[in-house]
Each structure stands twice: as C-alpha cells, then as structure tokens.
*Asks:* 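The structure that follows is given in the form of structure tokens.
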Amino acid sequence: MASFQSSCTLLGTTAPKPRIPPSSAKPSHHLLPNARRSSRFHVSCSGGPAEEGKVDRRNMLLGLGGMYGAANLVSDTKLARADPLLPPEFTSCGISYVGDDPLDVNCCPPISDVIKDYKLPPVRQLRVRRAAHRLNRVNVAKYKRAVKMMRDLDVSDPTDPRGFSQQANIHCAYCNGAHDQVGHEGLDIQVHFSWIFFPFHRWYLYFYERIMADLLKDPTFALPYWNWDHPKGMQLPGIFDEEDSSLYDTNRNQDRRPPVVLNLALNSTVTDPAQIISNNLSLMYNEMIGTPASATDFMGKAYRDGDAPPTFPDGGTSEKGSHSAIHAWFGDPRNEYNEDIGNFYSAGRDPAFYSHHANVDRMWTIWNDIPADYPKAITDPDYLNASFLFYDEKKQLVRVKAADCFNHKKMGYDYENVDIPWLRSKPPKKAAAANIQDLSKGVKTAEKLFPLKLKKTTRVLVPKPTVGKADEVLVLENIVTDNRKLIKFDVFVNDEDDKPEEVDRAEYAGGFTQLPHRVKAKNSKSDLRLNLKQLYENINIADDDSVVVTIVPLINGEVVTIGGIKIVEAPSA
Ligand code: C2O
C-alpha cells in the first residue's frame, strides 16, 4: 500500500526504473552526468531531513486524510482517488516528450540525497514586483545582472541547480513526461490543466526570485511582472527585446516584436489595435469574473495521486485563456515545436516566461480579492497537500506544499498596485434578444453534423434543457486533437452579427487553446465546458428552447474532431 509507506521509503527504495537506461539517454548539454548518476544514487533515509516527510505524510493520513487512509485499505482504485499528488522522484527521471516524439533534450534535475521540508522564512521586508514596462533603470539593470549571473552558472557549473538552464529544465521536467507519479509507472506528472497549476508556478517563481536575489546579494530584489492585462503592457516589454541583453531570446516570433500589440484572442484577422485591445480586456473580464462559477472553474479541476495527466480543458479559465495565449502568441513558428515560450519543455529558456508567469500569479491574487457568489477557497486536503520539489537559493532540495503558498505576502512579496481596466470590461448587454427562428434557418442539428471535423466555421442548433435564462453549461464532447499542434477555436451563441473577430461581444462563449504538449494516453479525449449563465443574461435570451452555436476554427482546426455538443444544467455548487 503505497499510502502507508513513509515518504522516506518511497524515495529510497521503490523508485521505478528510469524509462531509459541512463547510458542510452540522448546526450544533451551538461545534464548527462546527472542522468548517469541516477542509476546509482538513492535518496538517503537515515534520520535527518528526509524523515520530516515521513512524519508529515502520516499526520496527513491520520488527521485530515484519515478517512481516505481507511478507504485505501479497501482498494487500489480508491487509493487513486484519495491522495494528494506526490512530488516526483528526481532519482527516476527519464526522457521527455513533445507529442509522442522523444525530445533530444535531457531535462532531468540534479540529484540530491537530502530533501528538506521547506519552511517559509520570516518576512522582514516585502519584495515588490513591478510592472516590467514601468521599471526604472536601476531595477532593469539588476534584473539583467541577475539573469546574466544565472547564465554564467550554466558555464561555470552546469550541475548548479541555480543556473539558467537548470531553472528552465524544471519546467520541462514537470510538464513533458520526464517523471512518472511515484508508485504509478507510466502516469506522468503534469503541472498544467488542473488545480495545481497556480501553486506549482507560484513556488517555481518564488525560488527563481530568491535565487536571483541571493546571487545579487539584494534581499529586496523582485521579479518584474509583464502587465499584459493592461493596454500599456499589451506587447513584449522592451527590456526583453534588446538583442545584446541577458533578457533577450532569439527564439521568439519575429513578427510579434514590440510595438506589435498582443492579441489574446489569437485571431490574426483582427488588425485594428483598438479592436485587439478591446478584445483583450473583454477576454480578461470573462476569464476572471464572468465565466467562472466555482473555484475550480478558475483554478482548474482536481488532480490527485494516481490520476491520468489532465488535459487542456481541465485547466482553469485564466490558464486556458490569457496564460496559454501568451505562450502561443510569442512562440517561434520557425521552430518545429514553437520553441521557446510556445512549448512547455522550452518555455523556461525565455526570460520573458518568468515575467509572464509573475503576471499569471498576480491574476491569482486579484481573483482572490474579487467578490463572487461562490466560495473561493478549495479546502480539499488533496489540493492542500499536493507537493513539489525544488532547489532553493542555497542549492538545497526542498519539498513544498500547495497550502503553504496561498498567502503571497507570507512568502515575502507583493505586486505593485496599478489600474486594472478589465474590471470594467464586461461585454455590453444586448438590448434585444436574437430571433431564433431567423437565426436557425438552414442550421443543422448535432445529429446531422457530429462528429465534426473542424475544417470550417460551423453552426449547429442545440436544444436547451430549460427555456430562456437558466444556469446551463455548453459541452463540446470528446474533442480529439493532435497534441503536437497549436490549436485555437472560438465559440459563439446566437450570434446574429457573425463577427468572429470581435470577442468583446455578449455572444462570445469562450475558446479552446491547446499548446503542443504531451499526453501519454494516445486517445485521450477531452470535453470543453463553457458556462452560459452570464452569456444568457447578456444576450438577453428570449424564452427559447434551443440556441445556435457557432464554432470558429482559428488555428489548425483541420486536426480537431469534436465528438458531440449539448447543453446541460450547471452542476449544483
Ligand atoms: Cu508551466 Cu505557462 O506554463
């Protein structure tokens, strides 16, 4: 019973074999020595810090998780549903993949024989993360120097976990199949598309920032954030676009260098900057306020020990929306997999990635403070106790828990206060309802159209469980995509104007953006669920018993098949 073994035992003796013998690992950079070491190093369990994990885990089982612990005695299936995600074993790191193709990159982290449970140090002075486009010269210089020092470590000691490449590799190791879940051979760890998305990335940046502060010997140093939710930040910040700077990365989309305006809708048919900005603000409003009807709508779905890696539609509104859009918009189409920022395995090689994620993290803090009619806190112990491993600024391997990162000020940082224009960007309400009789002329039903290959814009008539305004969800079922491809499509409801380039309208229901990623189960199918309550209000829907849904492919629609479409009652919260 895995759950009754101490963490120490799990780390020490039950390591699944690396998927490839280290000696045949594809050579890459400097990391090969670590991969070689993995065959003979095991994490020590004798006393010391590794024991801390054991105590913690038992407490969890006997305390918060006691009921689950009992369930574990019954069957392994239950076990899989009822434990928090464990950190990976760095001792059993294998090759990484993009799609089904093995990468010729080894992103295994260095191996250490001591793991400590991390305790947040007392906060003396808050670091203040400032908007990158407003950064003063002194702070820009510091940031450049910090990244330069990390890049220098790559050369002076390639196994130093504080080095720039090592830091970039963390993202690859946690997203591209390098690690299996402990005790679940063949199920890789995926830190995207679920409720661990925000906690994992917060901890990741936390240590990244502390490493920079430590190298600079400046405890006040803070990572600048890319304020892409404000019109002034809706382009790549200039500090990342100076070719001779440590913050530059050649692997970016050259057509999107500043001052080209960021297009969160990923719709390149829109060229008017005013329309693009209006779209962006409206999308921000929707993903932060309008669309989520529960904490997991915003944060992402549950992901527990033994679960298959989640896929795109399981992610929260912010992750699926602005977050993914920026990866996709700036990734370099000259590279096979849109490297760098356009693919998870390589995203960390672009310094702009960390400032992008600082803003993603900022969105979490803002969402927390926005009043809503659903509870914001997720109290499920499997969420609170999900844990990860990172190297801290002293090169110590530490284990952290999701629950310890919920208060960013306790972690020692805060965000500079700036205006948040999207708070006022709710799509305007339509004065009159669409005439469904006119709108549905010649429009086929789902039975006639689905399964649908998304080659062109498609309209479909979908029945509603309840007439008129109701709390309902549109479900696009069994979406099958090529997971190596960037994909984007948009969905509108009762769209009379038929202007897919304007997503700042009441009829816009949401979109699907897939970054190229790895899912081991080849035929994993996913459902996209779009909440309709706000949309019905906004389009002022009449007492109709059906709607016309328009699906608009924008990027690589030809590799998408949608199995079915339906509207269901929203689950009761
Ligand atoms: Cu871990 Cu934006 O990705």
*Asks:* Considering non-hydrogen atoms only, spot the tightest contact between Q166 and P161 and give its length.
*Replies:* CB-O, 3.6 Å
*Asks:* What are the two closest heavy atoms between A302 and D307, and how far apart are they?
*Replies:* O-OD2, 4.2 Å
*Asks:* Please give me the minimum heavy-atom distance between I366 and I420, naming the atom from each residue.
*Replies:* CD1-CD1, 3.7 Å
*Asks:* Among H133, Q235, H356, whose side chain to side chain donor-acceptor pair (under 3.5 Å) with W228 holds?
*Replies:* H356
*Asks:* Salt bridge check, K488 against D490: does any charged N sit closer than 4.0 Å to a carboxylate O?
*Replies:* yes
*Asks:* List the steps, then state whether salt bridge (charged side-chain N to carboxylate O under 4.0 Å, His left out) holds for D332 with R334.
*Replies:* CA-CA 5 Å; D332 192 339; R334 295 171 300 179; 2.6 Å; yes
*Asks:* Between F406 and F198, is the ring centre distance below 6.0 Å?
*Replies:* no
*Asks:* Which residues pass the side-chain contact (heavy atoms from CB on, under 4.5 Å) test with N136, sequence neighbours left out?
*Replies:* V138, N139
*Asks:* Can you name the nearest heavy-atom pair linking I341 to A352, along with the distance?
*Replies:* CD1-C, 4.5 Å
*Asks:* Pick out which of F390, F200, Y391 makes a ring pair (Phe, Tyr, Trp, His ring centres under 6.0 Å) with F207.
*Replies:* F390
*Asks:* Working note: D214 + R210, criterion salt bridge (charged side-chain N to carboxylate O under 4.0 Å, His left out); need CA distance, chi angles, decisive distance, verdict.
*Replies:* CA-CA 6 Å; D214 195 66; R210 289 182 70 87; over 6 Å; no
*Asks:* Only counting residues at least two apart or in another chain, list the ones meeting salt bridge (Lys or Arg N to Asp or Glu O under 4.0 Å) with R257.
*Replies:* D241, E243
*Asks:* E416: which residues meet the salt bridge (Lys or Arg N to Asp or Glu O under 4.0 Å) condition with it, sequence neighbours left out?
*Replies:* R134
*Asks:* Not counting sequence neighbours, list each pair that qualifies as a side-chain hydrogen bond (donor to acceptor under 3.5 Å, both in side chains) and has a residue in residues 123-132.
*Replies:* R129-E209, R129-Y415
*Asks:* Restricting to salt bridge (Lys or Arg N to Asp or Glu O under 4.0 Å), what partner residues turn up for K232, sequence neighbours left out?
*Replies:* none
*Asks:* Test: disulfide (SG to SG under 2.5 Å). Region: residues 126-172. Which pairs qualify, not counting sequence neighbours?
*Replies:* C107-C172
*Asks:* Search all heavy atoms of D229 against all heavy atoms of L281 and return the closest pair with its distance.
*Replies:* O-CD2, 3.7 Å
